[in-house]
There are 4 protein chains.
Amino acid sequence: MHTDRPPNAAPPAAQVGRPRSRQIDAAVLEAALAVLDESGYAGLALEEVARRAGTTKPAIYRRWPSRQHLVLAALALRLDDAQPPDTGCTLCDLNEGLNVFVAAFQRIRPDVLGPLLAECASKPELHKAFMASLFEPPRRAVAQMLAKAVARGDLRDDLDTDLVLDMLGSLVHYRVLFGHAPIGDAEVERAVESLLSGIATDYPALLAHSRQMTGAARAHSVHTQA
Amino acid sequence: MHTDRPPNAAPPAAQVGRPRSRQIDAAVLEAALAVLDESGYAGLALEEVARRAGTTKPAIYRRWPSRQHLVLAALALRLDDAQPPDTGCTLCDLNEGLNVFVAAFQRIRPDVLGPLLAECASKPELHKAFMASLFEPPRRAVAQMLAKAVARGDLRDDLDTDLVLDMLGSLVHYRVLFGHAPIGDAEVERAVESLLSGIATDYPALLAHSRQMTGAARAHSVHTQA
Amino acid sequence: MHTDRPPNAAPPAAQVGRPRSRQIDAAVLEAALAVLDESGYAGLALEEVARRAGTTKPAIYRRWPSRQHLVLAALALRLDDAQPPDTGCTLCDLNEGLNVFVAAFQRIRPDVLGPLLAECASKPELHKAFMASLFEPPRRAVAQMLAKAVARGDLRDDLDTDLVLDMLGSLVHYRVLFGHAPIGDAEVERAVESLLSGIATDYPALLAHSRQMTGAARAHSVHTQA
Amino acid sequence: MHTDRPPNAAPPAAQVGRPRSRQIDAAVLEAALAVLDESGYAGLALEEVARRAGTTKPAIYRRWPSRQHLVLAALALRLDDAQPPDTGCTLCDLNEGLNVFVAAFQRIRPDVLGPLLAECASKPELHKAFMASLFEPPRRAVAQMLAKAVARGDLRDDLDTDLVLDMLGSLVHYRVLFGHAPIGDAEVERAVESLLSGIATDYPALLAHSRQMTGAARAHSVHTQA
DNA sequence: TGCTAAGCGAGACGGTACGTCCCGTCTTAAT
DNA sequence: ATTAAGACGGGACGTACCGTCTCGCTTAGCA
């Protein structure tokens, strides 16, 4: 098994033997970020990272058991914190929070997340680490805002918070990733507005029509399942 | 330059030279799909594809100038058609259409799309091909539905169709990709409902509050820009 | 089977079909010699020959059934004739004849003969062609001289002409090929002198000694077998 | 630069890194000899050698920087030693020594030496290695014999040892290579006899004649240069 | 303070897959 | 009917990089 405890927790036992060089820890992470920025995930050769960090591959493998672990650790340095404001204005906060979200995504090359996630998908431990490092942090702020808005009574209290969070978050992710349409302040505001106010002219009428078409049983289940 | 026209249009010039073996075309695509299914995108070795197809690497490179072209061609075979119904019931059609969307995504290993898109991102020609082969087709059906619903008067006529399409489509993509939450009939229906009916208890009030907070000028611009 | 009748014999039947371009015949041979001189035998790519000759590989294969045939034909152009003089002076003629021999070898890159012969060795037909084109011609002149000298009574009449011819010819070949020692007028003269006059101080004594050592029977057989 | 020191001298510096597997050294050389025997030099595919040796191409390239180096190393295993006797009988020793020479050549496919030498010719380092591995060893024994015979007074003391060595050695090489005439005990003995006793009926007379023909100056130079 | 051994740095290893060159052959259109 | 020409199916090339193994040196903690 691997130790993988570069800058974190307490020693597992009395620390014996030569201690790990912190300089190498940092140099490798920095070099990894540099190579990622230049060559993307697919072009990331650990040999090149080692060369730039002035060290060797085994020193890297001793610290991170796989390329994925290394990249996760390196990228996590870029997504530290960012606490969005809590002004009490639901609309303002949501817009602001989503812009933080957008900024977080744009701090990472778009062609890094895809392959990294793909390679993490098979190993549960890695997938968990991925979610904890790169997925959850920028979502957390928005999630908190939604919760507060519900508590405040600004949003419907039958709200599926996760679903709404995903509808807003996924939009950002989607547009950044595929690049088929812009995503900026204006788009974020429009999306928030659409979702909050609804896009149907007369939703109850649409629902009634739907019930006629599909039969009461199924239409009913939709609303009691939720 | 590369010809890359195995299963499509007419010969561009008078056909000279030995014709390409259609058997190899098919065997390679089939083998590529098999290897993709077994090993994912990162594990797709052209040497292995060639071996399974009973041919050699040069024969593959003659047909598709890069691994990306090959994978695009192979995956496109899996996303042929699928025309969703047009019942006149906006709610039903949207739910049905999004389920087609979900199905399309699930026909492809989730760890294939990410790396493939990443590697296509740098070459405009490839990116265009990616969008045309794998991105647009499943969206098209939903886009048509939205347009019809607007025409029918079921949706607000100031609707940003692309934005709404992305909010629904991205949700599917996001959940399939990250796997942090399920996406099925129930979730689709709930998302459609939320978006159509709105999630705010009193949107006009929220908007008024927001205007107070940020000043009339900016809040105004949000609604005239759209 | 192959036709292989580029610039030689009469048509085998009434000449039907499009006639072969004599220009290509010549251009290919010339290009082949040029490439041979530049790149040696191993570096001779028929594609390059075709390119330089302004034609294509099939046109070459139509004329010569293999690379070996082509090279044989090309090199044969360089070893046409050269008739050495017949002055009646055995010593002079031999020296002169061997110098012709040396010159013949030096008209061809030394790293061509070896591989060519090796590749001809397996096919009897090719080996015969090789011997007839590149081996026999320069030897023939020396062989004739030896025969005349024997007839003239200048050489022992129990002479094994082939053996002597080989002893002189092989020397040239050997030194040119391996390059470990020079081969020019002086060396040729010294070799001829050694062979003609003998290198033993007292050959009969050596022979007598040998007979004592090995027993009469075997020593005898050596001289009656001949 | 390349190390290329599998079965020889001591490590040049403190040995760092994983040591090379001696098993692979041996397996590759053995496989190379087998493939050479079956397919000749031109048919020697390193991929096939690697396959038979149960290893891969990079492992071969790590040991021998080129196909030529590998073949030289492999063939050198076949020409180890062979010390011919020193009986004091010049005739017997020469015959015996030349037979060793013949045997040495016949331990190697005749279509290997030519191409190998050709490909070694351009790189001085390789040519030197070729001469040291495959050319010199079998000659050395004969050279020593000639030197002893001269010392013993059995051969003329104005003898050009190298020339005589080449005249005998080249004969063997020539006949083995071209295969136009046999080379065995009888031929060797006859060649030795011819060279030792001379083939002219009356050499002084021939020399006098030659001097008349070509002028004293040049004829003189031939005999004083020596 | 000196000894001992865990852990480190470094470098080379065995191996997979790459993308390319060139081979010799096949097929079509032109002569 | 046979050429000229282009593309094809394929074998092998030499290389980049992978993840691992082995070494000698460093450095703490124990004696």
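Throughout, a chain's letter reflects where its sequence line sits, starting with A, and its residues are numbered from 1. The figures here come from the full heavy-atom set of this structure, side chains too, leaving out hydrogens, waters and symmetry mates.
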Name the nucleic acid region contacted by B:G43, choosing base, sugar-phosphate or nothing; use a 4.0 angstrom heavy-atom cut-off, strictly under.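 The residue B:G43 makes no contact with any strand.
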How is A:S21 classified with respect to the nucleic acid when contacts are heavy atoms under 4.0 Å: base, sugar-phosphate, or nothing? sugar-phosphate
For B:G17 and for B:T55, find the nucleotide of DNA chain F with the closest heavy atom, then tell me which residue's nucleotide is more 5'. B:G17
Separation of [N] [atom2] from [X] [atom1] (nearest whole Å):
X: C:R20; N: F:dT2; atom1: CZ; atom2: C1'; result: 9 Å
X: C:E119; N: E:dG24; atom1: CD; atom2: C1'; result: 14 Å
X: A:R22; N: F:dT27; atom1: CZ; atom2: C1'; result: 15 Å
X: B:I60; N: E:dA17; atom1: CD1; atom2: P; result: 13 Å
X: B:Q23; N: E:dC26; atom1: CD; atom2: P; result: 16 Å
X: D:R63; N: E:dA12; atom1: CZ; atom2: P; result: 14 Å
X: C:R52; N: E:dC22; atom1: CZ; atom2: P; result: 12 Å
X: D:D25; N: E:dA12; atom1: CG; atom2: C1'; result: 14 Å

Run through D:L70, D:L75, D:V71, D:I24 and flag the one making a side chain to side chain contact (heavy atoms under 4.5 Å, CB included) with D:L29.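 Result for side chain to side chain contact (heavy atoms under 4.5 Å, CB included) with D:L29: D:L70.
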Closest non-hydrogen contact found for C:V35 with C:G43 is CG1-O, 4.3 Å
How does protein reach along nucleotides 14-19 of chain F, written 5' to 3' as B (base within reach of a heavy atom under 4.0 Å), S (only sugar-phosphate), or - (no contact)? BBBBBB
Kindly write out the residues that satisfy side chain to side chain donor-acceptor pair (under 3.5 Å) with A:E38, not counting sequence neighbours, or none if the list is empty. A:R52
Among all residues two or more places apart in sequence or in another chain, which pass the side chain to side chain donor-acceptor pair (under 3.5 Å) test with B:E30?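 Side chain to side chain donor-acceptor pair (under 3.5 Å) list for B:E30, sorted by chain: empty.
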Assuming nearest nucleotide by heavy-atom distance, tell me which of D:G54 and A:I24 is located more 5' along DNA chain E.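 Between the two, 5'-proximity favours A:I24.
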Say whether, by atom type as modelled, one donor and one acceptor occur between the side chain of [X] and the main chain of [Y] under 3.5 angstrom.
X: C:R62; Y: C:K57; answer: no
X: B:R63; Y: B:V28; answer: no
X: B:R67; Y: B:A45; answer: no

Considering only distance and modelled atom types, tabulate donor-acceptor pairs under 3.5 Å from the side chains of residues 114-124 of chain C, sequence neighbours left out.
| from | atom 1 | to | atom 2 | distance (Å) |
| --- | --- | --- | --- | --- |
| C:E119 | OE1 | C:Y41 | OH | 2.7 |
| C:E119 | OE1 | C:Q68 | NE2 | 2.3 |

Between the two end axes of the helix from E:dT1-F:dA31 to E:dT31-F:dA1, each built from 5 base pairs, what angle do you get to the nearest 10°? 10°
Using the side chain to side chain contact (heavy atoms under 4.5 Å, CB included) criterion, which residues pair with D:R51? Sequence neighbours excluded. D:E47, D:E48
Does D:T56 place a side-chain N or O at less than 4.0 Å from the phosphate oxygens OP1/OP2 of E:dT16?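 No, D:T56 has no side-chain N/O under 4.0 Å of OP1/OP2 on E:dT16.
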